[in-house]
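Each remark here refers to the structure printed beneath this line.
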Amino acid sequence: MSSDRTGQGSIHDRPGPRGRGAERSMVPPAEFTSYYGHNVVKPSPWEHDIPAYLFAGGVAAGSSLLAAGASLTGRPALRRTGRLGALVAFSFSMVALVHDLGRPMRFLHMLRTVKLTSPMSVGTWILSVYGPFAALAALAEVAGLVPAGATQGRLRWAFRLLDRFGGPAGVVAGVTAPSVAAYTAVLLSDTATPSWHSAYRELPFVFCGSAAAASGGLGMIGAPVTQAGPARRFALGGALVELVMERRMERSMGLTAEPLHDGHAGRLMKAAQSLTVLGGVGTLLAGRSRSVAVVSGVALMAGSACTRFGIFEAGQRSAKDPKYTVVPQRERIAREGPTRYPDHPVGGP
Amino acid sequence: MFGKRNSLYGPVDPAPETGYVDAPARKGFFTDTSICIGCKACEVACKEWNDVPGEGFDQLGLSYDNTGSLNANSWRHVAFIEQPRKAAEEKAPPVELGMPALRPDGVGATDVGGAGGSDGAEAMDFRWLMSSDVCKHCTHAACLDVCPTGSLFRTEFGTVVVQDDICNGCGYCVPACPFGVIERRKGPQGSKNVGIAQKCTLCYDRLTVGETPSCAKACPTESIQFGDVEELRERAQRRVEDLHGRGVMDARLYGNDPDDGVGGTGAFFLLLDEPEVYGFPPDPVVTTADLPRMFNRATTAGVALLAGAVAAFVGSRR
Ligand code: SF4
Ligand code: SF4
């Protein structure tokens, strides 16, 4: 431990200009004090399970939407990709969620109450409604792959049932899917983590755009170009929304946008941007070539994953540095005075 | 709980607000840091009474602070700050802070201006700030709001407590707390409640039998005062006015205002410098105060996603 740390309790730091973040930041550097440079808030104990879950949840949600549309408009290959993709992504995300618990065996304690003030509780219930329908639709898809002659005897009624209800189940999954994609933004924002909370206005749009881009990408990979038209359009729209809203988000976040540009998170966000642009442009050419479609699809999915990991990492970093908690609060005090009821500060950590 | 009105912001009395009928008066701490001597009796008493595991002795090199922060295994944390004396204070005479005098000659009186003893000849060029931190038992507690299992709950005393047998260690309360108090226990291996969120209970077990929480009981200078929050708020107000009257203009209250961003805290403080010097956030606001707006934005985004999917099919020729 350095001697100035032992000699003086509070550390006066001047957040210096750092990388591109400082150039872009709207907030002038300010002096601030902290207790030995310690963090004020605690970073979440979450590991990479959580950004992986955010990504997979987005893929599942978008895929269910595409599958429902494909089933209603007679695009069997796109429907199959969507339904199976949704089930795989959903199953993966559930494993990630449970794995991240301190006591995985107590996962079901999530279902002992419904709490509207807890985005995690609301999200668990959303997943409990969405999941079974998405699974039913995927099962129907698998059943459809079994040749008709093979379904004999006692199993026959089950196959018929699946055939009957696969369509409606897929539609229910599609209708509930947007909440699966959107709630995860609230999950992150409803914390004292500076770079997550201050992003709450735009984050749902970034995440929904990211979900559309990734699932559209998956549709382009899995379905022939003749059926993948809607997937391409969905992906392109998603990519545009993700890129535009991410820009806007950074502008409205002030100082707390800085971690999105620095270090590991910064590299992830940069990669996300390049991949999403690449994949987005690719959607325009993918109607003519399956290989272009596959490459663009992969780029879009990778871009979406990088966005989730980048935003996750940036939040974790913002929580570990007292600057991002103290300086925005100090600036708010300088602007509006200390927070007092009934006045309510809009946003900010 | 479902359907129950749950105010997210503003001054309320938390226990009746939660639905307790005939709840006892709200209980809390007033920690007067101006008379803290940094003995850490509170830290030790808390660990002993609550069976909080130790993590071995660790020299942090932060003045006398070898605890570091509030966390799963430290429910009281005494902060030590050695601060260079400001020029204006250089010549100020020592101020009697009302510490219990241990000897008739006045040894034991603390000097907020810096000398730290009765021997003015050896005046130091810095001052000590010592403060025993603890869970704030917020009126609007973000940890409790976001807990998906209902493990965190509001007691009849208006305090916030984890139920160890309910918590599944989702960890959501950890980033939600604006004060960085609650944490998921990581170890040491073999200790109880590993993987579960842990923090101060305001000695819920002692309160139910009318006892004082162990830290307040152990504090030799009454820096930690336990009682009814209403009464403590008045006492704190008198104390800060008294100190101002004696020329200690740095004295200020932190967390006592029921109109602040967390609706006031059940455990509040008298500080001698800005909150962030002690590691507190200067203007905390409970994150759930913004929750309705967050859900609105998410709903709009979700509807847009659905519309986008419809448009992708409707406008498509193939
Ligand atoms: S200080 Fe943190 S842990 Fe304590 S009640 Fe408030 S939000 Fe919960
Ligand atoms: S870790 Fe435990 S106490 Fe904290 S929010 Fe999750 S279930 Fe609740």
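So you know, we letter chains A, B, ... as the sequences are listed, proteins then strands, and number each from 1. For clarity, every value in this text was computed on a predicted model and none was experimentally measured.
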**Asked** Counting distance only, does the side-chain N/O of A/Lys42 pair as donor-acceptor with the main-chain N or O of B/Gly180 below 3.5 Å?
**Response**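 Side chain of A/Lys42 to backbone of B/Gly180: a pair is present.
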**Message:** Donor-acceptor check, side chain of B/Tyr172 to backbone of A/Leu187, threshold 3.5 angstrom: yes or no?
**Reply:** yes
Name the region of [X], side chain, backbone, both or neither, that has any atom closer than 4.5 Å to a heavy atom of chain B.
X        : value
A/Val241 : neither
A/Thr73  : side chain
A/Ala185 : neither
A/Leu111 : neither
A/Leu65  : both
A/Phe207 : neither
A/Leu78  : side chain

**Message:** I'd like to know which of B/Asp65, B/Thr299, B/Leu291 tops the heavy-atom pair count under 4.5 Å against chain A.
**Reply:** B/Leu291
**Request:** Among B/Tyr278, B/Phe280, B/Phe268, find the residue that satisfies the ring pair (Phe, Tyr, Trp, His ring centres under 6.0 Å) test when tested with B/Tyr254.
**Result:**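 With B/Tyr254 as partner, B/Tyr278, B/Phe280, B/Phe268 yield a single ring pair (Phe, Tyr, Trp, His ring centres under 6.0 Å), made by B/Phe280.
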**Request:** Test salt bridge (Lys or Arg N to Asp or Glu O under 4.0 Å) on B/Asp260 and A/Arg340 and set out the steps.
**Result:** CA-CA 5 Å; B/Asp260 73 15; A/Arg340 289 294 176 265; 5.1 Å; no
Residue, of [options], that accumulates the most heavy atom pairs under 4.5 Å with chain B:
options                                : value
A/Gly315, A/Ala70, A/Ser215            : A/Ala70
A/Ser44, A/Pro178, A/Pro45, A/Gly62    : A/Pro45
A/Gly237, A/Gly174, A/Pro119, A/Gly123 : A/Pro119

**Prompt:** If we ignore angles and hydrogens, is there a donor and acceptor under 3.5 Å between the side chains of A/Asp190 and B/Thr287?
**Reply:**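 Yes, side-chain donor-acceptor contact under 3.5 Å.
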